[in-house]
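Order of the sequence lines fixes the chain letters, A, B, ..., with proteins taken first and strands second; residue numbering starts at 1 for each chain. Just so it is clear, the values below take in all heavy atoms, side chains as well, and ignore hydrogens, waters and symmetry mates.
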Amino acid sequence: MLDIRLFREQPDFVKAGLERAGVDPAVVDRVRSLDEQVRSLKTSAESMKAELNAANKALGPLMKTLPQEERDARRAELRALGDRITEADAVRQTVETELQNLLLEIPNLPHEKVPVGKDDSDNVVVRTFGEPRLFDFTPLSHWDIGEKLGILDLERGIKISGSRFYVLRGAGAALQRALITWMLDLHIEKHGYLEVYPPFVVKQECLYGTGNLPKFADNLYHDVEEDFWLVPTAEVPVTNLHRDEILGPNDLPKRYVAYTPCFRREKMSAGRDVRGIKRGHQFDKVEMVKLVAPEDSDAELDTLLDNAEDICRLLQIPYRVVAVCTGDKTFSSAITYDIELWAPASKGEEGGEWLEVSSCSNFRDFQARRANLRFRREANGKPEFVHTLNGSGLALPRVMIAILENYQNADGTVTIPEVLRPYLHGRDTIRK
RNA sequence: GGAGAGGUGGCUGAGUGGUCGAAAGCGGCUGACUGCUAAUCAGUUGUAGCGGUAAUAACCGCUACCCCGGGUUCGAAUCCCGGCCUCUCCGCCA
């Protein structure tokens with residue numbers, strides 16, 4: 001959520017930012033008009049309340065001594081005033097709710113460094129690592145490799161849960177588990193994150209905090225009976241760990257890493273990426289989340305991104321880093337870099353593609369304001385909103401795809417990346 | 001799932017429907033005293049919104065906040081209803 005004061009004091013700045021993000025800047029004037037209404041309604045109601053409070057204060061001690069008739073008269077008079085206040089408050093409440101709802105649907109302003117663009121075709125590749133491998137045979141897609149090795153069962157996933165679900169078997173399941181443990185260990189021991197294991201269902205407040213609600217409910221699984229929501233990413237529970245808290249001077253930065261499954265309805269991408277395991281309703285992910293002081297967030301994004309890239313480098317899989325443009329960035333983020341792994345056969349007959357395995361973002365105070373997530377610089381200082389960041393490190397299914405397709409051999413086996421072997425009892429190859 | 005108890009300021013904890021933003025203690029801050037620390041004494045000490053003086057530190061006024069949301073009443077921390085949460089006992093269970 002953007003600071004209402006920004007709308008009051010620098011409306012042109014907000015308009016310019018929203019325009020860059022491809023949002024109609026006319027909302028700024030609507031916000032300002034609603035804000036002015038709320039404030040004037042509040043002022044008039046407050047002066048009535050002051051009047052009522054003063055009258056009540058004066059009336060209290062007189063109640064015992066005043067003649068019955070006069071008491072009744074005073075009561076009626078004040079009751080009428082009270083009723084007018086109730087009405088005024090109701091009107092104010094309506095307008096205020098409208099304002100709040102509007103603010104909740106306005107996206108974050110893009111960071112000044114974000115390239116301006118309309119959609120993902122305007123994203124900018126900022127660096128690449130490694131060279132796509134040259135095959136002396138025709139590389140198979142991961143779904144072919146997976147089925148042939150008996151480590152991926154797409155049919156039975158569909159049988160038991162429907163489309164976009166799959167089953168990993170044997171070395172497939174073990175490989176994913178090894179990846180999760182290895183990534184966690186790396187972030188904990190080498191990069192200095194604290195591991196947390198959060199709930200996989202959350203209350204709706206958490207989703208408002210990160211910005212998934214109210215706008216993106218149709219991508220979320222919701223248990224109506226208990227009003228629980230399945231997490232679409234660990235970002236949601238972990239960013240909300242300190243919701244409604246004021247952290248102390250020595251509590252920042254917080255650097256967390258969490259493994260969770262992620263649940264997404266994928267209503268927006270119906271019919272897309274239906275083959276293989278590229279896009280499922282359920283997938284696993286290791287996620288890094290940071291809470292930092294505002295002046296540190298730019299630098300923290302750089303290290304966050306590097307921590308995620310480290311995984312790719314150690315796996316020795318070609319990747320590229322993409323600066324996401326203003327038109328393609330997500331609702332809550334101010335700036336985002338995507339990491340894309342090369343998958344040589346992920347499009348089947350059509351060949352390879354760059355697969356998004358991580359999205360590293362700085363949200364500045366956008367989520368912190370929604371989640372009321374603050375800190376004090378000094379013991380008696382004024383609370384300020386923290387800056388939040390997060391990035392995948394990494395999303396499992398697509399890493400699996402990249403490993404299977406990049407490390408496949410002519411004989412149908414798959415070599416296991418060296419860094420993972422200690423996590424697989426020294427095993428170096430997946431064979432049938 | 002059954003029965004009971006309770007949710008008050010940074011913490012502990014009091015609070016007959018009006019004089020309660022709220023006693024007291026602890027903690028914090030300021031000052032005094034004392035070679036220093038400690039102790040003692042005095043004062044002070046919630047947050048937010050709006051308006052004003054003043055300007056970027058501060059001061060004054062009003063409003064709101066005693067878990068959340070409704071209600072009763074001229075007036076609610078206090079009474080009533082609903083919800084959430086915590087604790088204790090019993091039952092069940094990975």
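Across all strands shown, the partner of B:C29 is B:G43, judged by Watson-Crick or G-U wobble contacts whose two distances both fall under 3.5 Å. In this entry B:A57 has no Watson-Crick or G-U wobble partner, no candidate having both defining distances under 3.5 Å. Base pairing analysis places B:U63 opposite B:A48; the two distances defining the Watson-Crick or G-U wobble pair are each below 3.5 Å. The pairing partner recorded for B:U88 is B:A3, the criterion being a Watson-Crick or G-U wobble arrangement whose two distances lie under 3.5 angstrom. The nucleotide B:C20 finds no pairing partner, because no Watson-Crick or G-U wobble arrangement with both distances shorter than 3.5 Å includes it. With both pairing distances under 3.5 Å, B:G69 is matched to B:C81 as a Watson-Crick or G-U wobble pair. When both pairing distances are held under 3.5 Å, B:G35 makes no Watson-Crick or G-U pair with any nucleotide shown.
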Protein and nucleotides 46-50 of chain B: nitrogen or oxygen contacts under 3.5 angstrom:
{"residue": "B:G49", "atom": "N2", "partner": "A:Glu46", "partner atom": "OE1", "Å": "3.2"}
{"residue": "B:C50", "atom": "OP1", "partner": "A:Arg8", "partner atom": "NH1", "Å": "3.0"}

Within the sub-3.5 Å range, which N or O atoms of nucleotides 7-12 of chain B have a protein N or O partner, and how far apart are they?
none

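Across every non-hydrogen atom of A:Leu154 and A:Glu147, the tightest pair is N-OE2, 3.3 Å.
Between A:Arg74 and A:Thr86, the residue anchored nearer the 5' end of RNA chain B, judged by the nucleotide with its closest heavy atom, is A:Thr86.
A salt bridge does not link A:Arg376 to A:Asp251: none of the charged nitrogens lies less than 4.0 Å from a carboxylate oxygen. The residues A:Arg5 and A:Glu9 are annotated as not salt-bridged, no charged nitrogen and carboxylate oxygen being separated by less than 4.0 angstrom. One finds no salt bridge joining A:Arg374 and A:Asp365 here, because no Lys/Arg side-chain nitrogen approaches an Asp/Glu carboxylate oxygen to under 4.0 Å.
A distance of about 34 Å separates the P atoms of B:A39 and B:A57, rounded to the whole Å. Comparing the C1' positions of B:A14 and B:G21 gives a spacing of 15 Å, expressed to the nearest Å. Rounded to whole Å, the C1' atom of B:C81 lies 10 Å from the corresponding atom of B:U72. Comparing the P positions of B:U19 and B:A32 gives an interatomic distance of 38 Å, to the nearest angstrom. Going from the P atom of B:G2 to that of B:U78 covers 28 Å, rounded to whole Å. Nucleotides B:A22 and B:C65 are separated by 14 Å at their P atoms, to the nearest Å. Nucleotides B:G18 and B:G9, compared at atom C1', are 22 Å apart to the nearest Å. Going from the P atom of B:A23 to that of B:U47 covers 16 Å, rounded to whole Å.
Sorted by first and then second residue, the side chain to side chain donor-acceptor pair (under 3.5 Å) pairs involving residues 39-50 of chain A (not counting sequence neighbours) are A:Lys49-A:Asp89. Evaluation of the salt bridge (Lys or Arg N to Asp or Glu O under 4.0 Å) test over residues 78-88 of chain A, restricted to residues two or more places apart or in two chains, returns none. Residue pairs meeting the side chain to side chain donor-acceptor pair (under 3.5 Å) criterion with at least one partner in residues 151-160 of chain A, sequence neighbours excluded, are A:Asp153-A:Arg156. Pairs of residues two or more places apart, or lying in two chains, that qualify as salt bridge (Lys or Arg N to Asp or Glu O under 4.0 Å) and include a residue from residues 260-269 of chain A are A:Glu266-A:Arg279. The list of side chain to side chain donor-acceptor pair (under 3.5 Å) pairs with a residue in residues 161-178 of chain A, not counting sequence neighbours, reads A:Gln176-A:Asp284. The salt bridge (Lys or Arg N to Asp or Glu O under 4.0 Å) pairs that include a residue from residues 328-339 of chain A number zero, where partners must be two or more places apart or lie in different chains.
Distance A:Ile85 CD1 to B:C74 P: 14 Å, rounded to the nearest Å. Computed from coordinates, the A:Leu59 CG to B:G17 C1' distance equals 13 Å when rounded to whole Å. Atom CD of A:Glu51 is separated from atom C1' of B:C74 by 13 Å (rounded to the nearest Å). The nearest whole Å value for the distance from the CG atom in A:Asn56 to the C1' atom in B:G75 is 4 Å. Rounding to whole angstrom units, CD of residue A:Glu205 and P of B:C85 are separated by 11 Å. Rounded to a whole Å, the CD atom of A:Glu226 is 14 Å from the C1' atom of B:G83. Distance CG (A:Asp89) to P (B:G69): 13 Å, rounded to an integer number of Å. Look at CG on A:Leu52: it is 14 Å from P on B:U73, rounded to the nearest Å.
A:Thr326 places a side-chain N or O within 3.5 Å of a backbone atom of A:Gly117 that can act as its donor or acceptor partner.
In this structure A:Asp302 satisfies the side-chain contact (heavy atoms from CB on, under 4.5 Å) test with no other residue, sequence neighbours excluded. In this structure A:Glu205 satisfies the side-chain contact (heavy atoms from CB on, under 4.5 Å) test together with A:Lys203, A:Arg243, sequence neighbours excluded. Among residues two or more places apart in sequence or in another chain, the side-chain contact (heavy atoms from CB on, under 4.5 Å) test is passed with A:Arg275 by A:Trp143.
Within residues 76-84 of chain A, the residues that place at least one heavy atom under 4.0 Å from RNA chain B are, in residue-number order, A:Leu78, A:Arg79.
Under 4.0 angstrom from either OP1 or OP2 of B:G18 there lies no side-chain N or O belonging to A:Asn53.
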